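What follows is a single structure, written as structure tokens, with notes after it.
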Amino acid sequence: MHPSVTIRGVAMNDWADRPDTSEPLALDGPLNAPAKLISESRPYSGGDQRSTASVFTGWDAAALALHAANLAAASGARRFNFIGHSRGAVECVMAAWFLYAYGMPDIDVRILAIDPVPGPGNWYGILTQLPPNVAEYVGITAWDHLDIGFDGLVPRPNGRMTGNHQRPVLGDGWQHLADNYQLKDPLKPDAAAAQPTGYRLFASRGRHGTVAGIATSDGKYDYSKVSDSAARVPHLIYRLARAYLTSWGSEFTTRSAVTPSVLQLRQEINLDHAQFDAMGGGALRDSVRPGRPYVREISSISGRLPWNTYYLEDVVGDPPYRQPYPVTAARAGKGWAHWTFL
């Protein structure tokens, strides 16, 4: 059994008790990464990496993804299970591309992405497309998070998931590896398309932080607002993540501390949903303001254009009538890839 490794967050340091420093990143191998990627990553290796600017831009994401990919390559493991939240989830996809392109294309990667959010700027093709070495992908998107700059990412299934045997012609430079390999958009409608294999999308109540473990009534960081009602979502996501990781071969040395079953948690979330409604603007999401300001936006489209997004409610289909996910009167359509409502 190979031990797990934790990678620090964008614009963060490693340890709470050493707040002004971080460990050096593994940049020089064993993967054969291009010199430009390595040189661009070095400023984010070691020292004090706390940065307000990087919180917004996420410039160090590529460095952290290369670090993760090199650690995976050096481990000797014959399969890799990646799990991440926010930009960490995006880095899982980037790390899979670096493994594929720079020396280990034949080892399977499985990814559990919890509310992946690249942030503003250029969404490179290696964000919006899964590489061929990804055997399974599970994506979870928070329904009630509406903050500007938090458009959710839904990467496109790769060829092995859809029966498309096209192999990518890698682009020049790490940013462009997947520019020539943007496959079928899972958020566009196509009633005749077969469902991808090894590719699951989930919608969950709560905010961006709720799905990652924050159990407060507003999904923010005030401990005085910890709520048993809100805690059911992080408990459910934990149960879901642990189940997938176990099925992928990860071994846990301690038993789960979450005692309610998945079914019980899902039932209670959908019966006691007032706090989640309030997180996203109320039980009714229609507005007199233009557009749909109380609806999450997501995308699977590479590039810089900020309007290349979809309304989440338009790609998931109608929520089951027993699961009161708030939608607007304008909700319509469905993407071809199926979503499950938690």
Side-chain angles (χ1 to χ4, degrees), residues 1-10 14-15 22-34 37-38 41 44-46 60-114 116 126-127 129-140 155 157-161 167-168 170 174 177-178 181 196-200 212 237-256:
M1 181 175 68
H2 298 274
S4 359
V5 175
T6 301
I7 309 299
R8 66 174 173 83
V10 164
D14 290 284
W15 311 106
S22 62
E23 295 179 0
L25 303 181
L27 303 177
D28 295 306
L31 294 178
N32 187 28
L37 172 57
I38 295 173
S41 299
Y44 305 107
S45 179
D60 42 345
L64 295 170
L66 178 59
H67 172 60
N70 273 322
L71 292 178
S75 71
R78 301 309 299 168
R79 60 185 173 191
F80 303 132
N81 298 337
F82 293 165
I83 178 172
H85 167 249
S86 192
R87 284 194 174 111
V90 177
E91 290 161 22
C92 291
V93 180
M94 298 172 72
W97 269 109
F98 292 161
L99 285 163
Y100 180 82
Y102 302 139
M104 303 192 78
D106 299 321
I107 295 184
D108 284 348
V109 177
R110 290 170 172 83
I111 297 174
L112 197 151
I114 301 173
I126 60 169
L127 279 58
Q129 173 65 57
L130 296 176
N133 57 338
V134 174
E136 294 187 62
Y137 177 85
V138 176
I140 301 166
N158 60 28
R160 71 196 289 185
M161 297 171 172
R167 292 190 62 86
L170 299 178
W174 67 266
L177 288 173
Y181 186 71
T197 58
Y199 183 85
R200 294 292 306 273
I237 302 304
Y238 175 80
R239 296 286 309 241
L240 183 73
R242 187 167 174 134
Y244 270 106
L245 290 171
T246 299
S247 73
W248 295 343
S250 294
E251 298 180 23
F252 291 85
T253 58
T254 58
R255 294 178 62 85
S256 172

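Computed from heavy atoms alone, side chains included, the values below leave out hydrogens, waters and symmetry copies. Quantities reported herein were computed from a predicted structural model and do not represent experimental measurements. Throughout, residue positions are numbered sequentially from 1 according to the sequence presented.
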Has [X] got a side-chain atom pairing as donor or acceptor with [Y]'s backbone, closer than 3.5 angstrom?
X: D60; Y: V10; value: no
X: N158; Y: V134; value: yes
X: W97; Y: Q129; value: yes

Nearest heavy-atom pair of [X] and [Y]: which atoms, and what distance?
X: G159; Y: Y181; result: N-OH, 3.2 Å
X: A101; Y: L170; result: CB-CD1, 3.9 Å
X: V93; Y: I126; result: CG1-O, 3.3 Å
X: Y137; Y: A113; result: OH-CB, 3.3 Å
X: L130; Y: P157; result: CD1-CA, 4.3 Å
X: A89; Y: P116; result: CB-CB, 3.6 Å

How long is the straight-line distance from [atom2] of [Y] back to [atom1] of [X], given to the nearest 0.5 Å?
X: R160; Y: N133; atom1: CZ; atom2: CG; value: 7.5 Å
X: L27; Y: Y44; atom1: CG; atom2: OH; value: 12.0 Å
X: Y244; Y: R200; atom1: OH; atom2: CZ; value: 4.0 Å
X: E136; Y: M161; atom1: CD; atom2: CE; value: 7.5 Å
X: S4; Y: L71; atom1: OG; atom2: CG; value: 12.0 Å
X: R239; Y: S256; atom1: CZ; atom2: OG; value: 5.0 Å

Review point. Under 6.0 Å from the six-membered ring centre of F252 and within 45° of its axis: does the NZ or CZ of R242 meet both?
Key: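 Yes, R242 lies over the aromatic ring of F252.
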Practice item. State, yes or no, whether a side-chain contact exists between L31 and L99 at a heavy-atom distance under 4.5 Å. Key: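 L31 vs L99: side chains touch.
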Review point. Does some side-chain heavy atom of I38 sit less than 4.5 Å from a side-chain heavy atom of L66?
Key: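 L66 vs I38: side chains touch.
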Exercise for review: Give the C-alpha distance, both sets of side-chain angles, the deciding distance and a yes or no for side chain to side chain contact (heavy atoms under 4.5 Å, CB included) between V109 and F82.
Suggested key: CA-CA 7 Å; V109 177; F82 293 165; 3.7 Å; yes
Check your understanding: Partners of D28 by side chain to side chain donor-acceptor pair (under 3.5 Å), sequence neighbours excluded?
Key ->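 With neighbours one apart ignored, the set is R42.
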Practice item. Please list, chain by chain and in numerical order, all residues satisfying side chain to side chain donor-acceptor pair (under 3.5 Å) with R167, sequence neighbours excluded. Key: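 Side chain to side chain donor-acceptor pair (under 3.5 Å) check on R167 returns Y100.
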Review point. What do the steps show when you test M94 against L177 for side chain to side chain contact (heavy atoms under 4.5 Å, CB included), and what is the final call?
Key: CA-CA 10 Å; M94 298 172 72; L177 288 173; over 6 Å; no
Check your understanding: Which pairs pass side-chain hydrogen bond (donor to acceptor under 3.5 Å, both in side chains) with one or both residues in residues 65-82, sequence neighbours excluded?
Key ->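 Applying side-chain hydrogen bond (donor to acceptor under 3.5 Å, both in side chains) to every pair that reaches into residues 65-82, excluding sequence neighbours, yields N81-S250.
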Practice item. Just do the side chain to side chain contact (heavy atoms under 4.5 Å, CB included) check on L240 and I140 with the steps written out, would you? Key: CA-CA 10 Å; L240 183 73; I140 301 166; 3.6 Å; yes
Exercise for review: Test side chain to side chain contact (heavy atoms under 4.5 Å, CB included) on D108 and F80 and set out the steps.
Suggested key: CA-CA 6 Å; D108 284 348; F80 303 132; over 6 Å; no
